[in-house]
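To find a chain, count down the sequence lines: A is the first, B the second, and so on, and within it residues start at 1. The analysis underlying the following values was restricted to heavy atoms, covering all of them including side chains, and did not include hydrogens, waters or symmetry mates.
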There are 2 protein chains.
Amino acid sequence: MSLKFGVLGLLKGEPLHGYEVKNRFEAMLGGTWEVNIGQIYTTLQRLERDGLVRPIGRRGDRGKLQYELSPEGHKALDQWLAQPDSGPQQLHEDIYVKLLLATRIANGDLKGLLARQKRAYLQRLRDLNRLEERARRDGRVDLARLVRGALLHTEADLKWMDELSSERFGAEEGARTE
Amino acid sequence: MSLKFGVLGLLKGEPLHGYEVKNRFEAMLGGTWEVNIGQIYTTLQRLERDGLVRPIGRRGDRGKLQYELSPEGHKALDQWLAQPDSGPQQLHEDIYVKLLLATRIANGDLKGLLARQKRAYLQRLRDLNRLEERARRDGRVDLARLVRGALLHTEADLKWMDELSSERFGAEEGARTE
DNA sequence: CGGGTCATACATACTCGGCATACATACTGA
DNA sequence: TCAGTATGTATGCCGAGTATGTATGACCCG
């Protein structure tokens with residue numbers, strides 16, 4: 001979804017062809033999201049199929065094909081932007097399943113898992129701090145805001161790991177699901 | 001990934017057939033992850049193709065086909081469990097792209113977006129609190145731990161929204177990426 | 001100067017995994 | 001007999017990655 005509407009949002013400004021869309025998108029994300037070029041083109045094709053976007057003129061320079069937003073595209077973009085991400089929080093990330101399995105498998109080494117995961121989060125925190133600093137240095141206030149959100153997430157994860165580590169783990173806890 | 005290894009983890013305990021895998025998996029997640037039945041079967045087929053799982057005996061009762069872990073499956077599962085989720089934090093969620101676009105599109109109504117999103121997070125918070133309570137009532141300590149993590153995430157999101165809302169948004173900030 | 005090589009801009013095709021819908025079929029209990 | 005549940009297959013979309021192809025311009029070397 002984010003890529004699809006990210007592309008729409010970029011095309012709102014001015015018509016672009018695929019390759020340029022990729023560059024703008026990655027620039028907008030400040031290098032935190034490297035998009036596969038193939039995906040850009042399939043995304044554009046789907047957008048065209050759904051009538052949100054349409055090709056402009058004939059193929060130019062070297063096969064370049066520019067796209068522009070259709071009126072429906074404008075509408076879809078505005079709606080998406082106006083709508084908050086709601087719905088229940090998805091628990092689909094690996095860490096959740098790992099915790100559950102480590103709990104119910106006999107020698108799951110839950111404490112080790114937590115310790116390793118905590119280290120990974122600390123590393124992530126360092127990376128994000130560097131990234132935020134760079135964004136500010138580059139005057140990318142918008143990007144720094146994103147990184148700030150990611151930082152808060154990772155801090156939450158760390159806090160979580162700490163809480164869990166300080167629990168006493170009983171032997172026969174939880175795992176009754178039959 | 002989580003589904004694939006979740007299935008492996010369930011099969012570590014005892015051989016199961018697809019339908020039963022689905023039930024156990026959803027029970028393990030306490031209803032927070034409804035898996036599509038088709039996906040279970042394709043996952044099992046891929047696991048079999050990759051030699052991590054193998055069918056047991058002939059088809060039983062009503063076409064039931066049980067699977068058990070192969071030695072390679074055991075190894076793969078243990079490795080996955082031992083490995084923390086590392087790598088950089090992905091900024092692929094809708095909210096990030098929405099923020100960027102709302103910033104750079106002229107009348108992006110950033111403040112409105114933040115307010116709406118905050119309301120959505122508050123709702124999520126309520127749902128998670130109910131869920132945690134239920135998990136504890138059911139003696140599902142393992143599940144309550146997960147929900148606790150999700151709660152911390154959502155709290156972080158709220159904090160983020162508050163920070164952003166109290167910023168003063170300049171007109172010509174950020175959006176220089178050419 | 002001319003030709004080879006290399007990078008870059010630009011695009012397509014193919015593949016795989018996640019995920020959902022829809023369908024088929026057997027059993028089971030009211 | 002009918003509803004529901006148990007169990008499975010087929011099909012298709014979307015996200016994402018790999019591989020390939022073709023121009024064009026730059027750069028180097030004899």
Side-chain angles (χ1 to χ4, degrees), chain A residues 1-8 10 15-27 29 32-53 55-67 76 80 87-88 90-94 96-97 178, chain B residues 1-8 10 15-27 29 32-53 55-67 76 80 87-88 90-94 96-97 178:
Chain A
M1 293 269 298
S2 347
L3 180 60
K4 168 179 168 185
F5 286 99
V7 170
L8 275 188
L10 289 171
L16 299 170
H17 57 267
Y19 195 84
E20 189 63 16
V21 166
K22 170 182 151 74
N23 291 334
R24 305 275 180 118
F25 188 87
E26 291 180 345
L29 269 294
T32 62
W33 186 347
E34 312 261 317
V35 192
N36 187 291
I37 181 65
Q39 205 184 339
I40 297 281
Y41 290 108
T42 50
T43 299
L44 281 170
Q45 283 164 346
R46 283 170 200 150
L47 285 172
E48 183 183 357
R49 180 201 58 192
D50 298 341
L52 303 185
V53 124
I56 278 189
R58 248 342 43 231
R59 286 171 179 277
D61 236 355
R62 38 183 113 176
K64 280 200 271 196
L65 182 54
Q66 289 192 307
Y67 289 91
W80 183 72
Q90 297 282 51
L91 303 188
H92 291 197
E93 279 168 61
D94 283 15
Y96 295 115
V97 175
E178 11 273 336
Chain B
M1 294 266 300
S2 349
L3 179 62
K4 169 179 168 186
F5 286 100
V7 170
L8 275 187
L10 288 171
L16 298 171
H17 56 268
Y19 194 82
E20 188 64 17
V21 166
K22 170 181 152 72
N23 290 333
R24 303 276 179 117
F25 188 87
E26 292 180 344
L29 269 292
T32 61
W33 186 346
E34 312 261 318
V35 192
N36 187 292
I37 182 64
Q39 206 185 338
I40 297 281
Y41 291 110
T42 49
T43 300
L44 281 170
Q45 284 164 354
R46 287 198 270 262
L47 285 172
E48 182 182 356
R49 180 201 58 191
D50 299 340
L52 304 185
V53 125
I56 280 189
R58 254 328 54 226
R59 286 174 180 277
D61 235 354
R62 39 183 111 173
K64 283 199 271 196
L65 182 54
Q66 289 192 307
Y67 289 91
W80 183 73
Q90 298 282 50
L91 302 189
H92 291 198
E93 279 168 59
D94 284 14
Y96 294 115
V97 175
E178 16 273 333

Walking DNA chain C from its 5' end, the first of B:Thr43 and B:Asn36 to be reached, judged by nearest nucleotide, is B:Thr43
With respect to the side chain of [X], which nucleotide from [options] is positioned closest?
X: A:Glu20; options: D:dA16, D:dT7, C:dC10; result: C:dC10
X: A:Tyr19; options: C:dG17, D:dT9, C:dC10; result: C:dC10
X: B:Arg46; options: C:dC19, D:dA16, C:dG17; result: C:dG17
X: B:Ile37; options: C:dT12, D:dG15, D:dG8; result: D:dG8

Among A:Leu44, A:Leu10, A:Asn23, which one satisfies side chain to side chain contact (heavy atoms under 4.5 Å, CB included) with A:Leu16? A:Leu10
Between D:dA10 atom C1' and B:Ile40 atom CD1, what is the distance in whole Å? 17 Å
Distance, rounded to the nearest Å, where A:Gln45 contributes CD and D:dC14 contributes P: 12 Å
On DNA chain D, compare the nucleotides closest to A:Leu3 and B:Asn23; which residue's is nearer the 5' end? B:Asn23
Looking at side-chain heavy atoms only, is the closest gap between B:Phe5 and A:Asp94 below 4.5 Å? no
Give the ring-plane orientation class for A:Phe25 versus A:Trp33, where under 30° counts as parallel, over 60° as perpendicular and anything between as tilted. perpendicular
NZ (B:Lys4) with more than 12 external heavy atoms under 6.0 Å: no
